[in-house]
Q: 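The structure's right below; bear with me while I get my questions together.
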Amino acid sequence: MPLDAQDELDDADLLARYAAGDRAAARILTGRLTPIVYSQALRLLGDRTEAEDVAQEAMVRLWRIAPEWDAGRAKVTTWLYRVTANLCTDRLRKRGRVEPGLDHVPEQVDDTPGVEAQMQQNARRSALRAALASLPERQSLAVALRHFEGFSNPEIAERLEVSVEAVESLLSRGKRALKAALADRKDELGYVDGH
Amino acid sequence: MVTDREDMADTDLDMLLDDMARLNADPSPELLGRVLDDALAMQPLPHVHDSPNVVSIFGGWTGLSGLAAAACAGFFIGFSPPAMIQDPVSLLLGDEISMLDTDASISGFGWDLEEDVPG
């Protein structure tokens, strides 16, 4: 099958081809899935080196399970989200704190005007990471799929194998928990009277 | 009375989530290379679906065992044919030759010529 035709195959089909020894499927899956797991890891960890380690490990677990993958089970990306979230949680526990350590590379800090705004943005992102890490897994997944990946509620319902109503409930509870977790730092993060 | 803590406004949280969504998270070429290296190192070997199965050529193990039995029977009949079965060679070449073939003398092979060799 030509490479461009393989690009149209869904993840489960490509994974089956990978397990059958198709090297082109390995390349396509790498290019398609690595950015997704890396993005998720970076949002949760805030450290590029750690995010790369987590992304690589999540993909290793996918390659390992490929021969046994059941096409009728959860979507490949949903399974990867869960694996990545668990790996990130393990990292955060070992780190002992949510904020990265001294070897953390600041996202963007320099001497140009607006550095104070940039620092505030970094602080807000760090606070959001901490709040996301405190959510139950399904709420965290629902929020990530909705706000970071842009999926609609029906699409999220399909991935999480729940009803659309359940997704709406997960999103509502998840966002309520985030707001509560961030409430103590509202002033510090510059959120005063809704600004 | 302690004032209840006021949660973050919905709009502030949405803006924060949108900001996080825009975070530049393209994987480096080095990371992509490592992930692909892992994939290829861990990939099972391709399945060979079209290679012929020797047993299947003979109709499976049943056919193969029948063939073996037929071969044994054929060998036995040829080596020591039952009385009612004529020597197959004589059937093909005639009785004269058949008489010579049943002669156990080694002269048919020329061994007697060696005894005539002066020594």
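Reminder, nothing fancy here: chain letters follow the sequence lines and each chain counts from 1. All values below come from the heavy atoms of this structure, side chains included, with hydrogens, waters and symmetry mates left out. Fair warning: this is a prediction, and the values are worked out from it, not measured in the lab.
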Q: Work out which heavy atom in A:Arg124 is nearest to a heavy atom in B:Leu16; give both atom names and the distance.
A: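 Scanning both residues completely, I find the closest heavy atoms to be CB-CD1, 3.4 Å.
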Q: What distance separates B:Gln43 CD from A:Tyr18 OH, expressed to the nearest 0.5 Å?
A: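 Here the interatomic distance stands at 5.0 Å.
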Q: Which answer fits B:Leu13, side chain, backbone, both or neither, if we ask what part of it has an atom under 4.5 Å from a heavy atom of chain A?
A: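 Contact with chain A involves the side chain of B:Leu13 alone.
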Q: Could you tell me which of B:Val35, B:Leu32, B:Asp38 has the largest number of non-hydrogen atom pairs under 4.5 Å with chain A?
A: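 Max contact count across the listed options: B:Val35.
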Q: Between A:Pro67 and chain B, with a heavy-atom cut-off of 4.5 Å, which part of the residue counts as in contact: side chain, backbone, both or neither?
A: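 For A:Pro67, the contact with chain B is made by the side chain alone.
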Q: Side chain, backbone, both or neither: which part of A:Arg146 has a heavy atom under 4.5 Å from chain B?
A: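 Neither part, no heavy atoms under 4.5 Å.
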Q: Between A:Val143 and chain B, with a heavy-atom cut-off of 4.5 Å, which part of the residue counts as in contact: side chain, backbone, both or neither?
A: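 Only the side chain of A:Val143 comes within 4.5 Å of chain B.
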Q: Can you measure from CG (B:Leu17) to CG (A:Leu132) and round to the nearest 0.5 angstrom?
A: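 Going from the CG atom of B:Leu17 to the CG atom of A:Leu132 covers 7.0 Å.
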Q: Of all heavy-atom pairs between A:Glu52 and B:Arg34, which one has the smallest distance, and what is that distance?
A: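 Minimum heavy-atom separation between A:Glu52 and B:Arg34: OE1-NH2, 2.9 Å.
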Q: Locate the shortest heavy-atom distance separating A:Arg125 from B:Met20; write the atom from each residue and the value.
A: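 In terms of heavy atoms, the two residues are closest at O-CE, 3.4 Å.
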Q: Find the distance between CG (B:Leu36) and CD1 (A:Ile28) and round it off to the nearest 0.5 Å.
A: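 Reported value, rounded in 0.5 Å steps: 11.5 Å.
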Q: Between A:Met59, A:Gln40, A:His147, A:Gln56, which residue shows the highest count of heavy-atom pairs closer than 4.5 Å to chain B?
A: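 Option with the greatest count: A:Gln56.
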Q: Test of understanding: with ring-ring contact (aromatic ring centres under 6.0 Å, His included), list the residues that count as partners of A:Tyr81, not counting sequence neighbours.
A: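 Scan of A:Tyr81 (ring-ring contact (aromatic ring centres under 6.0 Å, His included), adjacent residues dropped) gives none.
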Q: Using every non-hydrogen atom in the two residues, find where B:Leu31 and A:Tyr38 come nearest and quote the distance to one decimal.
A: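 Looks like CD2-CD1, 3.9 Å.
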Q: Out of A:Lys175, A:Arg176, A:Lys179, which one pairs with B:Asp10 under the side chain to side chain donor-acceptor pair (under 3.5 Å) rule?
A: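 Result for side chain to side chain donor-acceptor pair (under 3.5 Å) with B:Asp10: A:Lys179.
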Q: If you define the side chain from C-beta out and look only at heavy atoms, does anything of B:Arg22 sit under 4.5 Å from A:Phe148?
A: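 No. Closest side-chain heavy atoms not under 4.5 Å.
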Q: What residue in B:Ala39, B:Ala41, B:Ser28, B:Pro27 has the most heavy-atom pairs under 4.5 Å with chain A?
A: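 The answer is B:Ala39.
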